[in-house]
> 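Once you've had a glance at the structure underneath, I'll fire off some questions.
Just so it is clear, the values below take in all heavy atoms, side chains as well, and ignore hydrogens, waters and symmetry mates.
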Amino acid sequence: MRNLLVSVADSDGGKQSGSRKIPFSDVVITGTRNNFWGRKWRTIDIQVALWVTFVHVLALFAPFTFTWDAFSVAFFGYLLTGLVGITLSYHRLLAHHSLRLPKWLEYTCVYFGVLAAQRDPIFWVSMHRYHHQFVDSNKDTHSPINGFWFSHMGWLFDSGYILEKYKERKNVEDLKKQPFYMFIRKTYMWHIIGCGAVLYAWGGFPYFVWGLGVRTIWVYHLTFLVNSACHIWGNQVWNTGDLSRNNWWVAVLTFGEGWHNNHHAFENSARHGLEWWQLDVSWYIIRFLEIIGLATNVKVPNEAQKLKKSIFTSDNTFK
């Protein structure tokens with residue numbers, strides 16, 4: 001494993017912490033935001049915190065409301081919102097333009113991402129593009145150099161950090177030009193409320209608990225593990241100059257997103273599991289859509305691009 005220690009100036013309002021490391025890793029925490037106290041909580045921060053608390057409390061009722069039907073609703077919701085909505089659509093399709101889909105299919109798939117309750121596509125894609133632009137620097141949206149908690153969830157409740165780093169967010173003009181995405185942005189919470197109402201009307205409180213509470217927090221934490229764990233634990237096989245790691249167990253749970261060092265090496269690639277043994281369910285679906293003619297302009301790295309990112313070549317070991 002290639003070890004990378006990030007050292008940044010404490011220019012983001014945090015507190016210098018010397019050489020503290022995140023346990024069982026080589027990642028050095030160089031600047032820690034005041035996650036809870038000593039900073040301004042904006043209205044949006046309070047709203048996000050209340051929502052996240054609500055779905056976690058709701059999920060606590062899961063043992064008392066379990067039925068196989070309710071579990072099935074949560075599981076298929078996980079596939080639709082996590083696999084189709086977030087991984088394939090928000091991430092590979094919108095954030096990186098790794099493929100193209102017909103607009104009717106694009107909007108349908110993206111709508112499942114909306115129901116994942118991870119904010120509207122414009123916000124999500126903007127934050128992710130900034131993450132790649134400033135990865136593991138003091139301008140990254142969610143780097144573990146500010147601690148595990150900040151990279152995993154803390155940044156969600158700190159809109160001041162976003163405003164501090166990106167005063168004018170102009171990296172999603174492609175989405176802002178499309179009425180569909182502007183409509184979703186303006187009506188976002190109504191779609192989440194509507195999803196909860198449909199679940200309750202369909203199967204009562206058990207469906208509400210499992211289909212909204214359990215499913216939402218499950219997809220939340222799997223998505224967040226890509227931001228946190230995959231920049232802390234795992235191995236690096238490509239020279240990316242950042243902390244990104246390939247983490248097999250995250251990859252299994254996130255339909256291929258855990259091959260994160262691969263992704264940072266070739267961020268526009270629709271395929272993250274580059275080796276035959278690297279499970280990447282999202283890629284299998286994209287490949288199927290390509291075969292039947294629905295996915296076009298599907299991007300994968302060629303051998304020259306792989307050689308350029310090779311650790312051996314970059315470290316002057318082999319040339």
> Is the backbone of Glu267 close enough, under 3.5 Å, to the side chain of His96 for a donor and an acceptor to pair up by distance?
yes
> Quick check: does any side chain N or O of Ser137 sit under 3.5 Å from a backbone N or O of Phe134, one acting as donor and the other as acceptor?
yes
> Are Trp68 and Phe66 an aromatic pair by the rule of ring centers under 6.0 Å?
yes
> Less than 4.5 Å apart, any side-chain heavy atom of His272 and any of Arg92?
yes
> Using a distance-only test with no angle check, is there a side-chain donor-acceptor pair under 3.5 angstrom linking Ser244 and Asp242?
yes
> Looking at Lys103, I want to see if its NZ is surrounded by more than 12 non-hydrogen atoms of other residues, nucleotides or ligands under 6.0 Å.
yes
> If you round to the nearest 0.5 Å, how far is CD of Gln178 from CD of Glu173?
12.0 Å
> May I ask you to decide if Gly213's main-chain N or O and Thr216's side chain share a donor-acceptor pair within less than 3.5 Å?
no
> Using 30° and 60° as the class boundaries, would you call the ring planes of Tyr220 and Phe224 parallel, tilted or perpendicular?
parallel
> Counting heavy atoms not belonging to Phe76, are there more than 12 under 6.0 Å from its CZ?
no
> Can you tell me if CH2 on Trp124 sees more than 12 non-hydrogen neighbours from other groups inside 6.0 Å?
yes
> Looking at Ile122, is its backbone amide N or carbonyl O close enough to the side chain of Ser126 to form a donor-acceptor pair, meaning the two atoms are under 3.5 Å apart?
no
> Looking at Phe180, I want to see if its CZ is surrounded by more than 12 non-hydrogen atoms of other residues, nucleotides or ligands under 6.0 Å.
yes
> Does the pair Tyr161 and Phe150 meet the rule for a ring pair (Phe, Tyr, Trp, His ring centres under 6.0 Å), with working shown?
CA-CA 11 Å; Tyr161 180 86; Phe150 183 84; 5.0 Å; yes
> Could you measure the distance from the SG atom of Cys230 to the CG atom of Leu225? Nearest 0.5 Å is fine.
7.5 Å
> Could you check whether any side-chain heavy atom of Ser89 comes within less than 4.5 Å of a side-chain heavy atom of Leu94, counting everything from C-beta outward?
no
> Please tell me whether His131 and Asp140 have a donor and an acceptor in their side chains that are separated by less than 3.5 angstrom.
yes
> Under 3.5 Å, side chain of Thr67 to main-chain N/O of Ala70, donor-acceptor pair present?
yes
> Is the closest side-chain donor-acceptor distance between Asp136 and Ser143 under 3.5 Å?
yes
> Could you measure the distance from the CD1 atom of Ile86 to the OG atom of Ser282? Nearest 0.5 Å is fine.
11.0 Å
> Flag this pair as yes if the NZ/CZ of Arg169 is under 6.0 angstrom from the six-membered ring centre of Tyr166 and inside a 45 degree cone about the axis; otherwise no.
no
> Can you confirm whether the side chains of Asn262 and Asn246 place a donor and an acceptor under 3.5 Å from each other?
yes
> Any side-chain heavy-atom pair from Pro102 and Leu105 closer than 4.5 angstrom?
yes
> If I take atom CG from residue Leu289 and atom CG from residue Leu99, how far apart are they, to the nearest 0.5 angstrom?
8.0 Å
> If we only count heavy atoms from C-beta on, is the Trp283 to Phe255 side-chain gap below 4.5 Å?
no
> Can you check whether Ile29 reaches Ile145 side chain to side chain, under 4.5 Å on heavy atoms?
no
> Just by distance, with hydrogens left out, do Tyr111 and His191 show a side-chain donor and acceptor under 3.5 Å apart?
yes
> For a quick check under 3.5 Å, do His97 and Asp174 share a side-chain donor-acceptor pair by atom type?
yes
> Should we count OH of Tyr188 as having more than 12 external heavy atoms under 6.0 Å?
yes
> Does Lys308 reach the main-chain N or O of Glu303 with its side chain, forming a donor-acceptor pair under 3.5 Å?
no
> Tell me yes or no: between the side chains of His152 and His142, is some donor less than 3.5 Å from an acceptor?
no
> Should Asp158 and Arg39 count as an ion pair when the cut-off is N to O under 4.0 Å?
yes
> Flag the pair Phe75 / Trp210 as yes when their ring centroid distance falls below 6.0 Å, and as no otherwise.
no
> Would one find more than 12 heavy atoms of other residues, nucleotides or ligands at under 6.0 Å from atom OH of Tyr107?
yes
> Within the 4.5 Å heavy-atom criterion, are Val209 and Phe64 side-chain neighbours or not?
no
> Will you find, in the side chains of Gln278 and Trp259, an N or O donor that is under 3.5 Å from an N or O acceptor?
no
> Quick one: does any side-chain atom of Arg129 pair with a main-chain N or O of Ala95 as donor and acceptor, under 3.5 Å?
yes
> Would a 4.5 Å heavy-atom cut-off, applied to side chains only, mark Arg271 and Val298 as touching?
no
> Are the side chain of Ser159 and the backbone N or O of Ile44 linked by a donor-acceptor pair below 3.5 Å?
no
> Does the side chain of His91 come under 3.5 Å of the side chain of Glu257 through a donor N or O and an acceptor N or O?
yes
> To the nearest 0.5 Å, what is the distance between CH2 on Trp233 and CH2 on Trp248?
15.0 Å
> Cut-off 3.5 Å, side chains only: do Thr296 and Arg100 have a donor facing an acceptor?
no
> Taking atom types as modelled, is there a side-chain donor on Ser98 or Asn268 under 3.5 Å from an acceptor on the other?
no
> Which of parallel (below 30°), tilted (30 to 60°) and perpendicular (above 60°) describes Phe266 and Trp238?
perpendicular
> If you round to the nearest 0.5 Å, how far is NE2 of His264 from CZ of Arg245?
11.5 Å
> When you look at Val135 and Tyr130, which way does the side chain to side chain contact (heavy atoms under 4.5 Å, CB included) test go after all the steps?
CA-CA 8 Å; Val135 58; Tyr130 278 128; over 6 Å; no
